[in-house]
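Here's the structure, in structure tokens; my notes come after.
Worth knowing before you read on, the calculation uses all heavy atoms, side chains too, and leaves out hydrogens, waters and symmetry mates. Because the structure is a prediction, the values reported are computed rather than measured. Numbering of ligands and ligand atoms starts at 1, following listing order. When a residue number appears, it is its place in the shown sequence, counting from 1.
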Amino acid sequence: MSSDQSGPSYGFDTLQIHAGARPDPATGARQVPIYQTTAYVFRDADHAAALFNLQEVGYIYSRLTNPTVAALGERIAALEGGVGAVCCSSGHAAQIMALFPLMAPGKNIVASTRLYGGTVTQFSQTIKRFGWSAKFVDFDDLDAVRDAIDDDTQAVFGEAIANPGGYIMDVRAVADVADAAGIPLIIDNTSATPYLCRPIEHGATLVVHSTTKFLTGNGTVTGGCVVDSGNFDWTASDRFPSLSAPEPAYHGLKFAETFGPLAFTFHSIAIGLRDLGMTLNPQAAHYTLMGIETLSLRMDRHVANAEKIAKWLEADDRVDYVTYAGLESSPYFDRVKTVCPRGAGALFTFAVKGGYDACIKLIENLEIFSHVANLGDTRSLIIHSASTTHRQLDEDQQRAAGADPEVVRVSIGIEDADDLIADLDQALAKATA
Ligand SMILES: *Cc1c(COP(=O)(O)O)cnc(C)c1O
């Protein structure tokens, strides 16, 4: 579970291939095997008891832990600079898993208005059924963030690079506000990936991912991950009893006292995965491990293509505006240097002259771009967010999230940029004829 088998001094390109992966002890297999098993034979009754008491770390049952899934967690933790990670069945599962040890009925989180549409729905509707709630504020207004935090606020939640508008969050500034209030900052780092942004270095406590996107990279499997920085002192107040107080389900064990910086990770596995069951399967973990091996190479190309295409679109008369933060015209251009110095990612929106109807015609006439509800694929993707991924939001929420009705969202792939530009050129001609 901890990340440092490969040593903290290795560079990103080395870690993305080697972290969490060692030759299989049984066979010497060099690639991480897909441990397609639900259960693991105990050495004897004492071994079984020690595992169930959390006195010894090992494998019991794949709802909790599996060696292939564990390798993936170690790898993502290493890339994010965290101490541990827990993988789950989707990005949305990861968000619930991140909140679960922190929350209780009556508690709330303060969340950015600029979030993935599904997250806005999960936070504004679904979590109410657990007795949790979310207050949405503009994270560029630090006073508003400060004012929204009350005695029942358990976390602050934002996206480093926010889908769909290409908004870049000042992670450090918001982390300082959360710190002053004694609560953790959770960053959804899906759009940036640890190659472009490492939120823990900017003060985040937890990092969540939809590994479905750039980390896997090929649009093959859904998955999620929660990485713990290990930096938060859960015992500094009595605000987080799940981590600091005796746990009745484990004979009064105190996670923070027993596991130190790994308390959150152990709680997520021993309680979260055990009882919520949002487990990642080993096949999916295998695909994601394969994807991560080339993450840095893909992200460099994603960014180079996005920059070239955003510039081309911005200069085109048929386009009203482009929101890519890598453009000098973006209000977030200066934040790129500090938050994500290797580039502003591959997601942005642009407004087609002719509004909604022109957006739809553009999408229908593209040949290389696929019209899908996904992002972070090697393939270039396009969608009209307001009528799809952000459909459950009202128009004010859509605009606040950057999903205005007159824009399309693109996820730029790693094909030839010139081919993508030619495709956009012909489809824009038809859309605005
Ligand atoms: C896709 C996505 C999610 C949800 O992840 P799933 O794997 O689809 O559950 C959460 N946050 C962001 C930024 C996303 O892009």
Would you indicate whether the side-chain heavy atoms of Arg239 and Lys107 approach each other to under 4.5 Å?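 Lys107 does not reach Arg239 side chain to side chain.
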Any heavy-atom pair between the side chains of Leu262 and Phe255 that's under 4.5 Å?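 Side chain of Phe255 against side chain of Leu262, heavy atoms only: no contact under 4.5 Å found.
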N/O of [X] under 3.5 Å from N/O of ligand 1, yes or no?
{"X": "His92", "value": "yes"}
{"X": "Leu375", "value": "no"}
{"X": "Thr222", "value": "no"}
{"X": "Lys213", "value": "yes"}

Looking at ligand 1, is there an atom of it that comes within less than 4.0 Å of some heavy atom belonging to Gly223?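 Within the 4.0 Å threshold, so yes.
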Run the contact test for Asp188 against ligand 1 with a 4.0 Å cut-off on heavy atoms, strictly below, and give the result.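 The answer is yes: ligand 1 sits under 4.0 Å from a heavy atom of Asp188.
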Taking the six-membered ring for Trp, are Tyr324 and Phe350 ring centroids under 6.0 Å apart?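 Between Tyr324 and Phe350, the centre distance exceeds or equals 6.0 Å.
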Are Phe214 and His302 an aromatic pair, judged by ring center distance below 6.0 Å?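 Distance test on ring centres: under 6.0 Å, yes.
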Return yes if a side-chain donor-acceptor contact under 3.5 Å exists between Gln392 and Gln398, otherwise no.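 The criterion, which ignores hydrogens and geometry beyond distance, is not satisfied for Gln398 and Gln392.
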Considering the heavy atoms of [X], write down every atom of ligand 1 situated less than 4.0 Å from one of them.
{"X": "Glu159", "answer": "13 (C)"}
{"X": "Gly91", "answer": "5 (O), 6 (P), 7 (O), 9 (O)"}
{"X": "Ser90", "answer": "7 (O), 9 (O)"}

Tell me: protein heavy atom nearest atom 10 (C) of ligand 1, and distance?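 Residue, atom and distance for the closest contact: Gln95 OE1, 3.4 Å.
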Please work out, at 4.0 Å between heavy atoms, whether the side chain, the backbone, both, or neither of Thr212 comes within that distance of ligand 1.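 Looking at Thr212 and ligand 1, just side chain atoms fall under 4.0 Å.
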Hey, is Leu115 touching ligand 1 through its side chain, its backbone, both or neither, going by heavy atoms under 4.0 Å?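 Looking at Leu115 and ligand 1, no heavy atom falls under 4.0 Å.
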Counting only pairs under 3.5 Å, give me each side-chain donor-acceptor contact of residues 351-371, with atom names and distances, residues two or more places apart or in other chains.
residue, atom, partner, partner atom, Å
Lys353, NZ, Asp317, O, 2.6
Asn365, ND2, Lys361, O, 2.8

Give every residue pair that meets the ring-ring contact (aromatic ring centres under 6.0 Å, His included) criterion with at least one member in residues 99-120, sequence neighbours excluded.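 Those involving residues 99-120 are His92-Tyr116.
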Side-chain ion pair, Asp24 and Arg30, N-O less than 4.0 Å: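 Result for this pair is no, no salt bridge flagged.
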